[in-house]
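Inspection log for the structure reproduced underneath, given as structure tokens.
Fair warning: this is a prediction, and the values are worked out from it, not measured in the lab. Quick note on labels: first sequence line is chain A, next is B, and so on, each numbered from 1.
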Number of protein chains: 2
Amino acid sequence: MLDFKTALETLRNYLKEHEMRFTTERMIILEEIFNFPPHFDAEKLFIHIRSKYNHISRATVYRALELFDKIGIIKKLNLGGGVAQYELKMDLPHHDHLICVVCGKVIEFVDDTIERLQQEIAEKHGMEIINHQLQIYGRCKEHRKQ
Amino acid sequence: MLDFKTALETLRNYLKEHEMRFTTERMIILEEIFNFPPHFDAEKLFIHIRSKYNHISRATVYRALELFDKIGIIKKLNLGGGVAQYELKMDLPHHDHLICVVCGKVIEFVDDTIERLQQEIAEKHGMEIINHQLQIYGRCKEHRKQ
DNA sequence: TCATCTATGAGAATGAGTCACAATTTATGT
DNA sequence: ACATAAATTGTGACTCATTCTCATAGATGA
């Protein structure tokens, strides 16, 4: 899933298989996600979409985000701050996030050793992993104190 | 900070240094946190406290939790689910959490290698770490599918 | 004890997210 | 293209966690 076209195809297929309707609203929302920063929250996306398509409601945006997350087109993140964040899911390996507490910038990183250790830890506790998240909060290059 | 007495002392000192009042409400709330499960949320704590001290208000509990977190007596966690979780902060090494998505059980674990790797990753990106959190969501021993 | 100024209680307000339902739109068979 | 049935949408009400407001109560230092 690297581009809008592929994502749209995925959406179409999922909808067809589940007797759901392919609507212009769902298409527009998907398209606007691709026009939007890589990490965003529902409200900002809604405002953005609303500015171009004033008939699309907040509920529809929330519903579409839930759907796209379920399908696997986007991923809902829990980065703190009391607001759900979303990112496009690009079929890349699992990654985690560095978050600047000053400017909110999000940096992604991948670390295979950490991934493996998590698996080991879960097993040691008899736990079957469904999902995991690692957030490192700090001050980025531009905002760290000297 | 291993016991109520020490925590209370910390609270007293902090309040004195900041020209704030040592109130019975703050003391009761602190005490009840020590009588409560190791991971809890504000509302549950409030209900519990309210059942014993019916004059203590929700706002006071929330305000106290914020204060205790700032002082470092407790730690506010972001385990997902739309509700802030808290835990006593015991001057133990940093630890992370395994969370059962079925029963909500929280298991703590410590892994020095992961801690070290996080430090390295942050440095590689020029980031100064303030805090970090790792959550592994899954099904615990009792609830995993066979 | 008094004066001062912080903390509290009560409930209103906020903000993210969800829900109910009437009206609309889509998919399908003809 | 048309009718039909079923899914979807927009609106606004609603929920839930948390925060705020403000009048009153209570802690602290003189």
Side-chain angles (χ1 to χ4, degrees), chain A residues 8 11-32 39-71 74-86 104, chain B residues 8 11-32 39-71 74-86 104:
Chain A
L8 196 60
L11 176 60
R12 264 189 206 283
N13 294 339
Y14 182 92
L15 294 174
K16 179 151 287 179
E17 283 168 21
H18 291 76
E19 300 185 331
M20 293 168 75
R21 307 282 154 85
F22 181 81
T23 63
T24 48
E25 287 78 9
R26 284 174 175 158
M27 191 185 69
I28 289 171
I29 294 167
L30 183 59
E31 186 172 25
E32 293 307 326
H39 294 90
F40 60 92
D41 64 64
E43 191 62 17
K44 287 213 187 62
L45 179 66
F46 167 64
I47 302 286
H48 170 72
I49 289 175
R50 200 58 186 269
S51 72
K52 297 172 75 169
Y53 306 92
N54 76 72
H55 73 282
I56 294 184
S57 75
R58 175 178 280 105
T60 300
V61 172
Y62 276 90
R63 287 186 285 230
L65 289 173
E66 194 186 354
L67 172 67
F68 298 167
D69 180 52
K70 187 198 274 183
I71 300 182
I74 63 176
K75 185 160 189 213
K76 187 174 185 171
L77 304 173
N78 169 222
L79 304 183
V83 190
Q85 303 284 323
Y86 297 86
Chain B
L8 196 60
L11 176 60
R12 264 189 207 284
N13 293 339
Y14 182 92
L15 294 174
K16 179 151 287 179
E17 283 168 21
H18 292 76
E19 299 185 334
M20 293 168 74
R21 306 282 153 83
F22 182 82
T23 62
T24 49
E25 286 79 8
R26 284 173 174 159
M27 191 183 70
I28 289 170
I29 294 168
L30 184 59
E31 187 172 24
E32 294 305 326
H39 294 90
F40 60 93
D41 63 63
E43 190 63 18
K44 288 213 185 63
L45 180 66
F46 168 65
I47 301 287
H48 171 72
I49 289 174
R50 199 59 186 267
S51 72
K52 297 171 76 169
Y53 306 92
N54 76 72
H55 74 282
I56 294 183
S57 76
R58 178 177 276 107
T60 299
V61 172
Y62 275 90
R63 286 185 286 231
L65 288 173
E66 192 186 354
L67 173 67
F68 298 167
D69 180 53
K70 186 198 277 185
I71 299 181
I74 64 177
K75 185 158 190 217
K76 186 174 186 173
L77 303 173
N78 168 220
L79 303 184
V83 189
Q85 303 285 323
Y86 297 86

| query | Just by distance, do the side chain of D69(A) and the backbone of K76(A) share a donor-acceptor pair under 3.5 Å? | reply |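 Judged by distance alone, yes, a pair lies under 3.5 Å.
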
| message | Between E43(B) and R58(B), does any side-chain N to carboxylate O distance fall below 4.0 Å? | response |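 Here E43(B) pairs with R58(B) in a salt bridge, since their nearest N and O are under 4.0 Å apart.
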
| message | Holding to salt bridge (charged side-chain N to carboxylate O under 4.0 Å, His left out), I want the full list of residues that pass it with E25(B), two or more places apart in sequence or in another chain. | response |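 With sequence neighbours excluded, E25(B) shows a salt bridge (charged side-chain N to carboxylate O under 4.0 Å, His left out) to no residue whatsoever.
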
| query | Once each nucleotide of nucleotides 7-15 of chain D is scored for protein heavy atoms under 4.0 Å, what B/S/- sequence comes out, 5' to 3'? | reply | SSBBB----

[X] has an atom [atom1]; how far is it from atom [atom2] of [N], in whole Å?
| X | N | atom1 | atom2 | value |
| --- | --- | --- | --- | --- |
| L67(B) | dT19(D) | CG | C1' | 16 Å |
| K16(B) | dA27(D) | NZ | C1' | 12 Å |
| E66(A) | dA16(C) | CD | P | 18 Å |
| L45(A) | dG17(C) | CG | P | 12 Å |
| I47(B) | dT18(D) | CD1 | P | 13 Å |
| Y53(B) | dT8(C) | OH | C1' | 17 Å |
| N78(B) | dT18(D) | CG | C1' | 15 Å |

| said: Could you walk me through whether F46(A) and L65(A) satisfy the side chain to side chain contact (heavy atoms under 4.5 Å, CB included) test, starting with their C-alpha distance in whole Å, then the side-chain angles of each, then the deciding distance to 0.1 Å, before giving a yes or no? | reply: CA-CA 10 Å; F46(A) 167 64; L65(A) 289 173; over 6 Å; no

| said: Once you measure the plane-to-plane angle for Y14(A) and H18(A), does it fall in the parallel (<30°), tilted (30-60°) or perpendicular (>60°) bin? | reply: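 Geometry flag for H18(A) against Y14(A): parallel rings.
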
| query | DNA chain D: T24(B) or K76(B), which has the more 5' nearest nucleotide? | reply |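 Result of the comparison: K76(B).
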
| request: Might you confirm whether atom CD of E31(B) has over 12 heavy atoms from other residues, nucleotides or ligands at distances under 6.0 Å? | output: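 Yes, CD of E31(B) has more than 12 neighbouring heavy atoms, counting only those of other groups under 6.0 Å.
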
| K52(A)/I28(A) under side chain to side chain contact (heavy atoms under 4.5 Å, CB included): CA gap, chis, key distance, verdict | CA-CA 10 Å; K52(A) 297 172 75 169; I28(A) 289 171; over 6 Å; no

| task | Give the angle between the helix axes at the two ends of the helix from dT1(C)-dA30(D) to dT30(C)-dA1(D), taking five base pairs at each end and rounding to 10°. | result |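 Axis-to-axis angle, ends of the helix: 30°.
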
| task | Please determine which of T60(A), T23(A), T24(A) meets the side chain to side chain contact (heavy atoms under 4.5 Å, CB included) test together with I29(A). | result |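 With I29(A) as partner, T60(A), T23(A), T24(A) yield a single side chain to side chain contact (heavy atoms under 4.5 Å, CB included), made by T60(A).
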
| Is there a side chain to side chain contact (heavy atoms under 4.5 Å, CB included) between Y53(A) and E32(A) once you walk through the steps? | CA-CA 11 Å; Y53(A) 306 92; E32(A) 293 307 326; 3.7 Å; yes

| request: Respond yes when some side-chain nitrogen or oxygen of Y62(A) is under 4.0 Å from OP1 or OP2 of dG17(C), and no when none is. | output: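 Indeed, a polar side-chain atom of Y62(A) lies that close.
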
